[in-house]
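Reading through the structure tokens given below for one structure.
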Amino acid sequence: FFFWRDSTGCDRTDRARNTRTKVVAFILSWYCHPPDSTIMYSLPSIAMGKSGNPAEDGTVYASLSGPGIAYTASLCMVGLIATSYLTCVHQDNCPKFLPTISDTWVHSPGNYLSRWIVSFVCLLFQFGIGMGYYKATSLPKVSHPLALSVTAATGVFCLSWVGAICDSSVPSCRGNNDVHTTFAITFFILFNFYMVVMTLKTPSMAKSCGSVVAALVSTLAKLRWVPQQHFPHCMHHHIFRTESFPFVAVVEWVDVAAIMVWFCIYASKEISTQRLAFVSAVLSDPTRKNGPVSVRNTKFFSATDNVHMFFDASVIAIAATVVYVGTMLTTWSAAVKHGVVPAGTLPNVSDMWWSPPGNWISRWGLALGSSLLVMQNVSLYFIGTKATTPPAGSGEKFLEGALALLGVLGALGLSVVGIVDEKEDAAVHDIAAAVFFIGYDVYMLLYSVNALARLTRPNAHSRFFVGTICFVVSVVSKLRFSFVQQALHDHPMVTHVCEDSYFALYEWCDLLTCLIFVNATAVYNAAHGTARRFGVALIDVGEMGH
């Protein structure tokens with residue numbers, strides 16, 4: 001779903017001769033992959049730089065289209081359901097025909113995968129809903145597009161908790177059926193309402209047989225929640241007897257399939273020209289640092305530029321940090337309230353994330369925060385390779401790519417720490433924690449080395465200082481695993497509780513140092529005019545851009 005091509009493009013000297021030539025040139029452009037493949041396409045800007053330097057002019061570097069978002073979300077969801085079903089049946093934890101989807105998310109590995117993938121799918125759905133909002137504002141029949149989009153977004157928000165809170169209290173799940181079911185029903189109802197309204201109010205959807213059938217099937221599937229006493233005659237039929245036929249499970253699977261099909265059709269018909277993109281944007285008004293932005297285009301596309309939303313790298317880093325810190329503080333409060341950790345002491349981070357409701361919050365928060373951190377690391381890669389003057393060489397690009405990869409691996413490791421708690425699988429939990437902490441230590445070290453090797457470039461001294469300080473603090477925090485822990489254990493005046501508090505203090509310091517490093521690099525770049533222009537945007541490329 002990511003398409004790349006060289007900024008200079010292929011040889012298209014005759015491309016504007018006629019419509020057929022334009023179409024052929026457009027198709028061939030996606031298959032042109034020179035060694036220095038950097039830019040997919042650009043957009044004509046409302047107010048753009050005139051230097052011709054990609055670091056100063058707004059440019060799109062990578063993007064995922066509206067249909068790409070829908071297809072990716074649907075494929076991930078289908079893959080999750082298939083994998084969790086097959087493993088659950090293989091382990092004899094579920095009947096072959098047919099468990100509910102939630103029942104396949106109780107035992108490993110379905111429980112772990114559902115927490116992770118459902119969060120990612122919901123994030124993609126939210127981007128798709130955001131695109132749909134801007135499209136709906138141009139539809140005269142949709143009278144309240146914002147309220148409608150908020151309704152759908154609220155439903156998807158509830159779905160994100162369905163993956164985090166499974167429907168059983170067994171040790172592999174530690175969820176709550178009432179909370180899980182409430183969130184699931186809320187999602188189905190709110191998103192179904194969105195489906196019906198958009199199908200009726202959108203001309204292209206109303207004319208599509210597939211979208212109408214999908215919306216109708218999803219609506220009828222909600223009858224599975226109607227109490228059986230309201231249909232006394234129907235309930236006597238053997239199909240509706242759950243002991244002989246899994247009616248609820250079958251209808252649930254059909255409902256989920258209908259939602260995915262509808263979303264893909266909607267994306268293909270209504271938001272096919274919109275993209276979630278990594279961009280460098282220029283301020284429409286240079287005097288306003290937080291003002292509107294625009295993105296530049298080449299002559300190949302004649303569409304008008306429309307930047308719906310733009311989030312620079314520093315904002316993404318701050319959002320990820322807020323989610324992480326909010327998760328830590330909330331789970332600490334919940335752990336103290338429920339007696340999981342003693343009051344008045346600093347607990348180990350993992351000790352707050354194994355018992356309800358702390359495990360629910362950590363599963364949800366760390367999965368979301370890590371997705372944001374991945375986007376922030378990709379943005380930093382473009383900052384390091386595109387915002388330099390003179391342009392970065394192949395060696396510098398390789399190092400920036402290694403840094404981005406370390407950041408992504410660290411983020412994924414931290415997500416697994418929250419998704420797989422220490423009581424469920426201590427080995428996986430500890431390995432994931434090591435991937436995060438060690439990965440970010442190497443990241444900080446290479447970041448400092450990179451800055452030291454580029455001292456002639458602007459801000460290199462400050463970057464070296466930030467990376468070195470964070471690296472030293474993080475490495476010192478690792479001493480909790482060696483002689484510091486042993487010294488505290490052997491000291492006659494140190495109690496066991498005090499020993500655990502010292503260990504926890506080092507752990508908190510280590511984690512917060514990594515988060516400070518993430519924000520320091522992004523915010524520092526923003527202050528010097530780079531990260532403020534590099535980030536993630538929702539854009540509309542028009543009819544020629546898809």
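Scope of the values below: all heavy atoms of this structure, side chains included, with no hydrogens, waters or symmetry mates.
- Using a 3.5 Å distance cut-off with no hydrogens or angles, the side chains of S355 and H338 do not pair a donor with an acceptor.
- Put simply, the side chain of T104 gets close to the backbone of I101: a donor and an acceptor are under 3.5 Å apart.
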### Message
One pair to check against side-chain contact (heavy atoms from CB on, under 4.5 Å): T100 and W253. What are the steps and the verdict?
### Response
CA-CA 8 Å; T100 63; W253 283 62; 5.6 Å; no

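- Between the Y85 side chain and the K96 main chain, a donor and an acceptor come within less than 3.5 Å of each other.
- The shortest heavy-atom contact between C173 and R363 is O-NH2, 2.8 Å.
- No more than 12 heavy atoms of other residues, nucleotides or ligands sit less than 6.0 Å from atom NZ of K337.
- For OH of Y112, the number of neighbouring non-hydrogen atoms (other residues, nucleotides, ligands) closer than 6.0 Å is greater than 12.
- Defined by atom type and a distance below 3.5 Å, a donor-acceptor pair is missing between the side-chain atoms of W364 and T327.
- Aromatic rings of Y266 and W262 (six-membered ring for Trp) have centroids within the 6.0 Å cut-off, being under it.
- No side-chain heavy atom of S172 sits less than 4.5 Å from a side-chain heavy atom of S108.
- Looking at F127 and L64, their side chains never come closer than 4.5 Å, going by heavy atoms from C-beta outward.
- Taking the side chain as every heavy atom from C-beta outward, T151 and Y194 never approach each other to under 4.5 Å.
- Because its NZ or CZ atom is both nearer than 6.0 Å to the ring centre of F188 and within 45° of the ring axis, R224 counts as a cation-pi partner of that residue.
- Looking at every heavy atom in both residues, T331 comes nearest to S362 through CG2-N, 4.2 Å.
- Within 6.0 Å of OH in Y134 there are more than 12 heavy atoms belonging to other residues, nucleotides or ligands.
- Using a distance-only test at 3.5 Å, with no hydrogens or angles considered, no donor-acceptor pair links the side chain of T72 to the main chain of I69.
- S268 and Y71 are linked by a side-chain donor-acceptor pair at a separation below 3.5 angstrom, with hydrogens and angles left out of the test.
- Across L148, L200, T137, a single residue satisfies side chain to side chain contact (heavy atoms under 4.5 Å, CB included) together with V142, and that is L148.
- Contact annotation: the side chain of M205 approaches that of I265 to within less than 4.5 Å [non-hydrogen atoms, C-beta and beyond].
- Between the side chain of Y381 and the backbone N or O of K397, no donor-acceptor pair lies under 3.5 Å.
- Around atom CG of L216, more than 12 heavy atoms belonging to other residues, nucleotides or ligands sit under 6.0 Å away.
- The two atoms that bring A215 and M195 nearest to each other are CA-CE, 3.9 Å, heavy atoms only.
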